[in-house]
Amino acid sequence: MSSFDEMDAFEGASLSARAMQARPMPYLDTLNPAQREAVECLDGPVLMLAGAGTGKTKALTTRIVHLLSTGRARPNEILSVTFTNKAAREMKERVAGMLGQAVEGMPWLGTFHSICVKLLRRHAELAGLKSNFTILDTDDQIRLLKQLIQAAGIDDKRWPARMLAGIIDDWKNRALTPDKVPAGDASAYNNRGTEFYALYQTRLRELNAVDFGDLLLHMVTIFQNHPDVLEQYQRWFRYIMVDEYQDTNVAQYLWLRLLAGKHKNVCCVGDDDQSIYGWRGAEVGNILRFEKDFPGAMVVRLEQNYRSTGHILAAAAGVIRGNQGRLGKELWTDAGDGEKVRLIGHWDGEEEARWIGEEIESMQRGTRGQAPLGLDQMAILVRASHQMRAFEDRFLTIGLPYRVIGGPRFYERLEIRDAMAYFRVVVSPDDDLAFERIVNTPKRGLGDKAQQTIQTIARENGVPLVEGARLAVESGQIKGKGGGALRQLVEGIARWGRLAGDADTTHMELAEIILDESGYTTMWQNDKNPDSPGRLENLKELVKALESFENLQGFLEHVSLVMDNDKQDADEKVSIMTLHAAKGLEFPAVFLPGWEDGLFPSQRSMDESGLKGLEEERRLAYVGITRAEQICTISFAGNRRVFGQWQSQLPSRFIDELPEEHVEVLTPPGLYGGGYGAAAPGGGMGAEQVRSTIDEKVAQADGYNSPGWKRMQARAGQRGLSQPKESKHQVIDLTATSSFTLGERVFHQKFGYGAITGIEGDKLEVEFEKAGTKKVVARFVSATDDVPF
DNA sequence: ATGATGCGAATTTTT
DNA sequence: TTCGCATCAT
């Protein structure tokens, strides 16, 4: 992204709307009736309910083209908002493709955040900022909060900064400035949440910085308090479009409503069934309420699916039907039924991974009686990232190439953040957070004490830390080895800063000079860790990435908002990712492992959010199934190692919600398949125990009462579960409430054998034979007496 | 000031 | 089990 000035919309656009007006509109002929309706209805509020794989992006981009072609709007008068940079890029490319020319003139197509940065730079003073404010990422945010917490003399172990950051983010998502935090939230963070929130905002202003949440919140506040500014944009943005509307939070919603308030030419696109970000502030309510918010809104449903087979769509529909309060949508296809969704149970997680590995190989060879699939046409979608390990382990041993999508982002990596902190200090020497990060990286012998000294001097003189450091060295307050190193660093920063203004040095050369002279590169070269070479690689890549920018400053701006990880290397690999990361993607073959109650749906989600949480999990299941084009394979394991302990698992309640006529139950060798829950031969947990476990779970998931659940409950008694094959020490309790008795002999992974001498809720006091008496959580011990089967 | 040891916690993630 | 962080020992 280029700097604000270059992208100023108010200087007009390169595309001539009028010139296009006379052209025919062949693009309309490629749309189906629903899409066409959504595209042609340009004025007034429109809600486009676009199911998975129904050509949403096509409709959206065509609508932009249509607005331009009919001369309704010039490119710079259309505001189109997305959530991710990827989506924005994709839209730009497609619009450009359809127009047959670059879209230089679409300056207001971007993410909520990037658009807000542009607006806020323009009106920074209204938020008490200078227009060159810096954008803090999560890491900076937490470090800053930590400082505030520690300064207030609070034990940040008991009251972690991370927790406070979460609370503040939540408030910002709900568009609450410190003065507007409701009384009901006053107990947050040990009753001091609001206080710290206000403190944090003040500190940010002092630093001339904002966090991600502020970008939205500041603009909402400015629009609310400065009607003249708002009106200006209401006039400029004659047409507004929003992608993934079901993911908007309150702040984004208000922002949109303010901007669309005058003309109401707003087209929101989304799918309530794919709302899976409630936990980070998204409000499904926004999309459900659309017709109330915008009376007379036109609602268009895109229901013809171009992605999946009939069986897959029907299976997904069967699951999502269990949710209440949907806007309602049923996907259909004229592409045929295809193969049924496949369901298979496994003994344990390792076997599941093994089986999927073999299945992938046979699909790759085409042994399954159909066209061979490339590895990049297959994906494994898991609920939680820790599930990935089993697959990685397995695939490494059999040498199956795989790629994990959505790991730590490139710019979040340690070495990249360090390098960027160096750049930041050089570009703006008053960036204290960046200086703190690099002052002792690489190790310069500047520990807590030295850094304290720098802080004090800087504060006393009212200067940035770099300047404080310089003073500390000059006045001899930091001497010796550390002092020398610090002097070098300070002088380096000054020198690099001068080089930045030097026309003879390119910013890429400068970046290399900074990393070399600071000793940062050397630090990794000397590091013996096996991942150090990779880090050096990343640094090289970082410098390479600078190429497309005019200077370091522009690059930093870009990186704070953009820069994704998905450098797709050309090699064919199986993708492994979370269900969340899979939204918007599609694959011919999809594996959905780990469909077990507690894992998926996640116990935590249900505990924390009850029915709401369960429904979001169900939407996640829906998203998962609808990623598949041809083959969708769902699986579960009867036993799983959790935190080093074996646990018995019950098949997910979602499995019971799959319509039987669209499912094929596979019977793997060695397992007897009867009904959905393929059970282990011989043994298995006694019916009584199964039922008691279920009862506890029902009690926990308070309020859960779906028919599928009842069916499973009824069936569970007959089903029987498998037992771990390796350990004879069966874990008999899966829940918080312990079922141990005093005097019982137990085994603990770390402490060995012992006898229970006390029970307090889920905590046990155990007298271990070797380790002495300890208090332990019931989860971590297992009964040694074999469970009577 | 820095490396070693130990304890507690462990969905989901974009910007 | 593994990770991150904090305290401890050098």
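Below, chains carry the letters A, B, ... as their sequence lines are ordered, and counting in each starts from 1. Just so you know, these numbers come straight off a predicted model, no measurement behind them. Only heavy atoms go into these numbers, but all of them, side chains included; no hydrogens, no water, no symmetry mates.
Side-chain atoms of R389(A) lie closest to dT1(C) of the nucleotides dT1(C), dT13(B), dT15(B). The side chain of T138(A) approaches dT15(B) more closely than any other nucleotide in the set dT13(B), dT15(B), dT11(B). The side chain of H113(A) lies closest to dT15(B) when the candidates are dT12(B), dT2(B), dT15(B). The nucleotide whose nearest atom lies closest to any side-chain atom of A581(A) is, among dT13(B), dT12(B), dT15(B), dT13(B). The listed nucleotides are dA1(B), dT13(B), dT11(B); the one nearest the side chain of A384(A) is dT11(B). Counting only heavy atoms from C-beta on, A450(A) has its side chain closest to dA1(B) among dT11(B), dA1(B), dT15(B). Distances were taken from every side-chain heavy atom of T578(A) (C-beta onward) to each of dT15(B), dA1(B), dT13(B); the shortest belongs to dT13(B).
The backbone N or O of L486(A) sits nowhere less than 3.5 Å from a side-chain atom of R444(A) that would complete a donor-acceptor pair.
For dT15(B), the base is not stacked against the aromatic ring of F83(A), per a cut-off of 5.5 Å between centres and 30° between planes.
When only modelled atom types and interatomic distance are considered, N173(A) and N249(A) share a side-chain donor-acceptor pair under 3.5 Å. Side-chain contact of Q477(A) with T453(A): a donor-acceptor pair under 3.5 Å is absent, judged by distance alone. For the residue pair D273(A) and N323(A), no side-chain donor N or O sits within less than 3.5 Å of a side-chain acceptor on the partner.
In this structure, the CD atom of E350(A) is 13 Å from the P atom of dT1(C), given to the nearest Å. Distance, D247(A) CG to dT13(B) P: 13 Å, rounded to whole Å. Rounded to whole Å, the distance from CG on D393(A) to C1' on dT2(C) is 12 Å. In this structure, K583(A) places its NZ atom 17 Å from P of dT12(B), rounding to the nearest Å. If you take CH2 of W159(A) and P of dG8(B), they are 18 Å apart, rounded to a whole angstrom. We find that CG of L614(A) is positioned 15 Å from C1' of dT12(B), with the value rounded to whole Å. Atoms CD (Q603(A)) and P (dT11(B)) sit 12 Å apart, rounded to a whole Å. Rounding to whole angstrom units, NE2 of residue H386(A) and C1' of dT2(C) are separated by 12 Å.
Nearest-nucleotide positions on DNA chain B for I405(A) and G445(A) put G445(A) closer to the 5' end. Nearest-nucleotide positions on DNA chain B place S605(A) closer to the 5' end than the other of F212(A) and S605(A).
Dashed line: the shortest gap from a side-chain N or O of S385(A) to OP1 or OP2 of dT11(B) is not under 4.0 Å. In terms of phosphate contacts, R604(A) brings no side-chain nitrogen or oxygen within less than 4.0 Å of OP1 or OP2 of dT12(B). For the pair K146(A) and dA6(C), the criterion of a side-chain N or O lying under 4.0 Å from OP1 or OP2 is met. Put simply, N85(A) has a side-chain N or O that comes within less than 4.0 Å of OP1 or OP2 on dT15(B).
Using bins of under 30°, 30° to 60° and over 60° for the plane-to-plane angle, the ring pair W255(A)/F223(A) lands in the tilted bin.
Aromatic rings of W279(A) and Y277(A) (six-membered ring for Trp) have centroids within the 6.0 Å cut-off, being under it.
Q451(A) comes within 4.0 angstrom of nothing in the nucleic acid, heavy atoms only. Among the atoms of the strands shown, base atoms are found under 4.0 Å from some heavy atom of E608(A).
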